[in-house]
Amino acid sequence: MELKSNAIGELAILQAQMGDNDMNKTTSGWICGFLGMLIFSGSLPATRAAVASFDPLFLTLARASIASILALALLLAFKEKRPAKEDILSLVIVASGVVIGFPLLTAFALQTVTSAHSTVFIGLLPLATAIFGVLRGGESPRPVFWIFSGLGSALVAGYALTQGGGGSGFADILMFIAIILCGLAYAEGAKLSRKLGGWQVISWALVLSLPLMAPLTIYTMPASFVGIEQSAWIGLAYISLFSMLIGFIFWYRGLAQGGIAAVGQLQLLQPFFGLVLAASLLEETVSWSMVTVTGAVVLCVAGAKRFAKRQDAKSTSKTDLLSPTSLSNNLAPTQPDK
């Protein structure tokens, strides 16, 4: 009887420790996701500044090549093992979305539309990420989650539309395709991060694209860099170092730890942090409408976080197996057959 009581106590302690570890992991995921989102907030303004002097195709190739060289140096410095063959397809999807697709399409679109107009589509990115999190990541949020996610996307897109900034049909199509590719790459990279690690995924995706991107960068390089404005160089440096590498180190780790669908909703705040950066760096005004909508979006993010995980039968049965009642029944001595 004493042995049975001690076993129940030890397993109860183990259950509590498992719960604490899960809570710490989720909290870490949200912190990393927030830092990644904060870094990404400067991507569109930096791209907008860079395309004022650089060709969009060269800009996309150059940012990827610079980030790829840095990623290769990291992998060599830490002596990381090569990914398995079954991981190559996922890395190709990641590279196609966040290394090539999204940067290239947004760079072309931002030649004819403003950063404010592009915010309409950035507001759809969390929803796209959540959908691919279900399709590719095997997640299953509760139905209420989709209400908060859809409402948050509608708030961001609606606010951006009211701020003006005209667009063109072709540019809007490019932005929409960019969002689809980016959402898929986010979900695929987060799933693979659980196996390889966050910074390893984006690093291998960049290195995988280097043999293609480096020669094309040289081929599309302008004949002369005379006349390139300083703001364009700063924009290129930002999107190469932060948007293409450092941001993803935090972002993929956050998605992997906190959940693709849940942490992905932090992207709803990205446009507003971009506006705050514009206000602080460019001395633009921040309106009360922006503050109000931001507050509403924060509530949507909190609601989405609350209902992001579904209590399925598998997880419930696992919890039941660790409950004191179940442990008592399982550890109870069996009566010998008469």
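None of the values given here were measured: they were computed from a predicted structure.
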Do [X] and [Y] have side-chain heavy atoms sitting under 4.5 Å apart?
X: L245; Y: L74; result: yes
X: K195; Y: E86; result: yes
X: M244; Y: L70; result: no
X: S96; Y: L181; result: no
X: V134; Y: P141; result: yes
X: F273; Y: F34; result: yes
X: Y252; Y: V98; result: yes
X: W146; Y: I131; result: yes

Are F40 and F248 close enough, and set up right, to give a ring-ring contact (aromatic ring centres under 6.0 Å, His included), and what steps lead you there? CA-CA 9 Å; F40 291 152; F248 279 105; 5.0 Å; yes

Following the transitive rule for hydrophobic clusters with a side-chain heavy-atom cut-off under 4.5 Å over Ile, Leu, Val, Met, Phe, Trp and Tyr, establish whether [X] and [Y] coincide in one cluster.
X: V144; Y: L299; answer: no
X: I239; Y: F225; answer: yes
X: L135; Y: V263; answer: yes
X: F242; Y: I234; answer: no
X: I173; Y: I100; answer: yes

Give the C-alpha distance, both sets of side-chain angles, the deciding distance and a yes or no for side-chain contact (heavy atoms from CB on, under 4.5 Å) between I66 and L241. CA-CA 8 Å; I66 295 171; L241 181 59; over 6 Å; no

Shortest non-hydrogen contact between [X] and [Y], atoms and distance:
X: A178; Y: T106; value: CB-CG2, 4.0 Å
X: F132; Y: L184; value: CD1-N, 3.4 Å
X: M213; Y: T60; value: CE-O, 4.2 Å
X: A67; Y: S240; value: CB-O, 3.3 Å
X: S90; Y: E188; value: OG-OE2, 2.7 Å
X: F102; Y: C182; value: CD1-CB, 3.7 Å

Between the main-chain N or O of [Y] and the side-chain N or O of [X], is there a donor-acceptor pair closer than 3.5 Å?
X: Q111; Y: A107; result: no
X: R253; Y: G197; result: no
X: S68; Y: L206; result: yes
X: S65; Y: T217; result: no
X: T112; Y: A109; result: yes
X: S153; Y: S149; result: yes

Determine whether the aromatic ring centres of [X] and [Y] lie less than 6.0 Å apart.
X: W251; Y: Y186; answer: yes
X: W233; Y: Y238; answer: no
X: F58; Y: Y219; answer: no
X: F108; Y: F170; answer: no

Apply side-chain contact (heavy atoms from CB on, under 4.5 Å) to residues S203 and L72 and explain how you reach the verdict. CA-CA 7 Å; S203 294; L72 180 60; over 6 Å; no

Please test V94 against V99 for side-chain contact (heavy atoms from CB on, under 4.5 Å), starting from the C-alpha separation and ending with a verdict. CA-CA 7 Å; V94 172; V99 178; 5.6 Å; no

Under 3.5 Å side-chain donor-acceptor pair for S41 and Q270: no

Q257 and S28: side-chain donor and acceptor closer than 3.5 Å? yes

Spacing of [atom1] belonging to [X] relative to [atom2] belonging to [Y], to within rounding of 0.5 Å:
X: D55; Y: M221; atom1: CG; atom2: CE; value: 12.5 Å
X: S193; Y: I260; atom1: OG; atom2: CD1; value: 9.0 Å
X: M175; Y: I177; atom1: CE; atom2: CD1; value: 11.0 Å
X: L196; Y: R82; atom1: CG; atom2: CZ; value: 14.5 Å
X: I228; Y: S53; atom1: CD1; atom2: OG; value: 5.0 Å
X: L216; Y: L61; atom1: CG; atom2: CG; value: 5.5 Å

Is Q230 atom CD crowded by more than 12 heavy atoms from other residues, nucleotides or ligands, each under 6.0 Å away? no

Is it the case that over 12 heavy atoms from other parts of the model lie below 6.0 angstrom from the CD atom of E229?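 No, because the 6.0 Å sphere around CD of E229 holds 12 heavy atoms or fewer from other groups.
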
Walk me through whether R194 and E139 qualify under salt bridge (Lys or Arg N to Asp or Glu O under 4.0 Å). CA-CA 14 Å; R194 297 165 184 164; E139 298 191 351; 3.3 Å; yes

Run the side-chain contact (heavy atoms from CB on, under 4.5 Å) test on Q265 and F148 for me, step by step, so that the C-alpha distance in whole Å, both residues' side-chain angles and the decisive distance to 0.1 Å come before the verdict. CA-CA 9 Å; Q265 300 309 300; F148 282 108; over 6 Å; no

